[in-house]
Amino acid sequence: MTHVSGQQRGRLLVAFAAAAGVLATACTGGAGAARDARNSYRVLPGESGKPKDGGTATIALTPGLSPNYIYPYPPASEDGAVVARGLMWRPLYRPSGDSDQVADLRLSLADAPAFSSDRKTVTIRMKHYTWSDGKPVTADDVVFSLALLKAAVAKSPANWSFYTPGQFPDGITAKATSPGTLTLELKAAYNPSYLLSMLTLLYVMPSHRWNIARTGGPHLDCTEPANARAVYDYLTKQSASQSTFATDPLWQVVNGPYRLGSFDPSTGSFSLVPNRSYSGPGGSRLDRVEFKAFTSASAVLNQFKAGRLTVGTLDSSFIAQIGALKKNGYHVYGAPAPARFDSLTLNFKDGTGNFDKIIAQSYVRQALQRMIDQEGYIKSRGVYNGAASPNYSTAGSGSPYPPDFGDRAPYPYDPAAAGKLLTDHGWKVVPNGSTRCVRPGTGAGECGAGIRRGQTIDFTLISANAPAYVGARDTAFASAARKLGVTVRIVTKSLNYMYSNYGNTYAPAGRNKWAMQDYGPLYLATGYPSSNTVFNTDGSFNLGSYSNPEADKLIDASTFGADPKVLSTEVTRVSKDLPVLFFPTPDTLVVWKDTLSGPPSSFRSLLSFVYSPELWYFHG
């Protein structure tokens, strides 16, 4: 699971009446133009031109995504977005940008893992990579990196958002049986696809330079947990000094195609220069790669118009600009990102206004889902502008593990059916008023456990201030809910504020401050989109404390079982139970200058924010 983080400032309280008025204006017309624009960007351009050496590629960071940390695993307390993750220190296996495979083996540090018949022993052959100081990348580096990851989660489970207690990296013993051979002994057998997805998250770090607990200190054996903890504490402390990111020798030893050239602590913008000792595929023809931070999507668009950006993404609210960008010398390609879903995260622990008791009722969740007009949102000029696809499951669009309901909505948009669900369960529905429980109790036709007579449905939705479609779709939902007699108070916050304050797993003190939140997309592992860590009861990224024993069993089966097809069963059951309310999946619109080229797959992977500039080149 990958969650895109941000670094924006500001807050805005959105008045419901004003927001509803904006929506009414935004939803008129434009569907035909949106469809035409959509058809103009669905084809991925091929590789072209004769490569030239040199040049600087300037990449727009996603608005709000300003890194503030350099060590690959920032502590939860730092709210860290990491500089150039994957470009300076490679993971053991490079994530794939395609939905039908977990890892891109061609760009990985090792060959495909080999599993024993009982799936409890895994043998991994390292490829011949070198560190930038000339030392070989060995199995010992992987053992070291796994030890530091264990130290991170031992200090706090929240230090790695992919962690579930008792699962990876728990119960994994790593041994370097030779410099080029890594053996993993597993206490529990994992599904091979799931384990591979975890190994795409294991960043390989230089044990010969980083296994110290103080600057100039002795080298430590990090197979000893106490030593690993001391090294982890030292590295994370050093990583807090943003002003020294580009000058501290510690961070200059890399195994990826780039090292850090500069970093601006005031903005989070940074530059990369080639690692001339890089021994992997590609090897940068570019002289420099600049990553520029932005505070808004409109600022990115203005830089595209001025021709100052080489690569970036375009907010769907600017879909009408695609033609002009193409005339200005840019390619535009878009599609739903693999294994992505967008949703309203529900807080099953928010006791404010008795929300926890209300949202625990499956009929309430179904009623609210039926108030989300996915097709209408997609067509709306004010929400998705045609640049989105319907989605009703955790697997996302085009997954090889689809739910049994396929592309059909289990709870399609139907306000009348939503009202009937509430009425049939003891509520008096008052459109544009306050729907109230009139038949409390736990029997048939009653409101449910813990819901008192006269209870209303009134709650707070925290909405991210970027990208633009987030606020628009939240406004649309609040407007529709009002027609059901449900009051939704929208509060807009920056992403980094949300990540610090609105997650029950890492900010439990704030659990009564939000009932729902919309932080944009959630990306599961592209080739094997298990909702492990996200929707299992003790998952570290289970922000809203969803809990369902049947879902836990299915997630365990898809994680530890031998048959990957069980993942479809998990996706079906979890999605039908509505741990979240599903929105359409926006198309990610990728823009790059037509004087830049490389393998088409390297641009398609940008849908999942997987960057491979070492494969790019300018041409005449």
With distance as the sole test, does [X] use its side chain to make a donor-acceptor pair with the main-chain N or O of [Y] at under 3.5 Å?
| X | Y | result |
| --- | --- | --- |
| Thr200 | Ser197 | yes |
| Gln374 | Asn391 | yes |
| Ser602 | Pro599 | yes |
| Thr595 | His619 | no |
| Asn275 | Gly256 | yes |
| Thr492 | Asn465 | no |
| Thr56 | Val289 | no |
| Ser463 | Asp518 | no |
| Tyr73 | Tyr203 | yes |
| Asn328 | Lys305 | yes |

Partners passing ring pair (Phe, Tyr, Trp, His ring centres under 6.0 Å) against Tyr392 (at least two apart in sequence or in another chain)
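Testing Tyr392 for ring pair (Phe, Tyr, Trp, His ring centres under 6.0 Å), a comparison that skips the adjacent residues, returns none.
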
So, using ring pair (Phe, Tyr, Trp, His ring centres under 6.0 Å) as the criterion, who are the partners of Phe291 when residues are at least two apart?
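Phe270, Tyr611.
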
Does Asp407 have more than 12 heavy atoms from other residues, nucleotides or ligands lying within 6.0 Å of its CG?
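Open: at most 12 neighbouring heavy atoms sit under 6.0 Å from CG of Asp407.
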
Within a 6.0 Å radius of atom NZ on Lys127, are there more than 12 heavy atoms belonging to other residues, nucleotides or ligands?
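Yes, NZ of Lys127 has more than 12 neighbouring heavy atoms, counting only those of other groups under 6.0 Å.
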
Ignoring hydrogens and angles, state whether a donor on the side chain of [X] or [Y] is under 3.5 Å from an acceptor on the partner side chain.
| X | Y | value |
| --- | --- | --- |
| Tyr523 | Ser608 | no |
| Asp104 | Tyr93 | no |
| Tyr546 | Asp577 | yes |
| Trp616 | Ser597 | no |
| Thr585 | Arg340 | no |
| Glu570 | Ser531 | yes |

Assess the residue pair Lys326 and Val332 against the criterion (side-chain contact (heavy atoms from CB on, under 4.5 Å)); give the C-alpha distance rounded to whole Å, side-chain angles, the decisive distance to 0.1 Å, and a yes or no.
CA-CA 7 Å; Lys326 288 185 173 183; Val332 181; 4.3 Å; yes

Measuring from atom [atom1] of [X] to atom [atom2] of [Y], what distance do you get when rounded to the nearest 0.5 angstrom?
| X | Y | atom1 | atom2 | answer |
| --- | --- | --- | --- | --- |
| Gln321 | Leu589 | CD | CG | 12.0 Å |
| Ile555 | Thr394 | CD1 | OG1 | 8.5 Å |
| Asn542 | Thr533 | CG | OG1 | 8.5 Å |
| Leu272 | Asp287 | CG | CG | 13.0 Å |
| Thr310 | Leu286 | OG1 | CG | 8.5 Å |
| Leu61 | Lys292 | CG | NZ | 10.0 Å |

Under a 4.5 Å cut-off applied to non-hydrogen side-chain atoms, are [X] and [Y] in contact?
| X | Y | value |
| --- | --- | --- |
| Thr313 | Thr588 | yes |
| Gln369 | Phe582 | yes |
| Pro613 | Ser284 | no |
| Glu614 | Tyr258 | yes |
| Tyr384 | Phe583 | yes |
| Pro579 | Leu346 | no |
| Leu196 | Tyr528 | no |
| Arg370 | Pro415 | no |

Give the minimum heavy-atom separation between [X] and [Y], together with the two atoms involved.
| X | Y | value |
| --- | --- | --- |
| Arg94 | Pro91 | CA-CG, 4.1 Å |
| Pro521 | Tyr469 | CD-OH, 4.4 Å |
| Val83 | Met88 | O-CE, 3.8 Å |
| Leu615 | Gly282 | CD2-CA, 3.7 Å |
| Ser399 | Pro402 | O-CD, 3.6 Å |
| Arg90 | Leu107 | NE-O, 4.0 Å |

Under the side-chain hydrogen bond (donor to acceptor under 3.5 Å, both in side chains) criterion, do Tyr278 and Asn255 qualify, and how do the steps go?
CA-CA 7 Å; Tyr278 177 64; Asn255 61 16; over 6 Å; no

How about Trp592 and Tyr333: are their ring centroids closer than 6.0 Å?
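Not close enough - the centres of the two rings lie 6.0 Å or further apart.
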
Close aromatic pair by centroid cut-off 6.0 Å: Phe304 and Tyr330
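Yes, ring centres under 6.0 Å apart.
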
Evaluate Ser271 against Arg288 for side-chain hydrogen bond (donor to acceptor under 3.5 Å, both in side chains), listing each step before the verdict.
CA-CA 7 Å; Ser271 67; Arg288 198 173 189 88; 2.8 Å; yes

Go through it in stages, so that I can follow the logic: the residues are Tyr194 and Leu567, the test is side-chain contact (heavy atoms from CB on, under 4.5 Å), and I'd like the CA-CA distance, side-chain angles, deciding distance and then a yes or no.
CA-CA 10 Å; Tyr194 179 79; Leu567 182 53; over 6 Å; no

Does the distance from a Lys or Arg side-chain N to an Asp or Glu carboxylate O, for Arg473 and Asp342, drop under 4.0 Å?
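Result for this pair is yes, salt bridge flagged.
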
Tell me, with the steps shown, if Val311 and Thr58 meet side-chain contact (heavy atoms from CB on, under 4.5 Å).
CA-CA 6 Å; Val311 180; Thr58 304; over 6 Å; no

Can you check side-chain contact (heavy atoms from CB on, under 4.5 Å) on Phe477 and Leu461, steps first, answer last?
CA-CA 10 Å; Phe477 170 71; Leu461 190 166; 3.9 Å; yes

Contacts table for residues 45-53: side-chain donor-acceptor under 3.5 angstrom, sequence neighbours left out:
from	atom 1	to	atom 2	distance (Å)
Glu47	OE2	Tyr617	OH	3.1

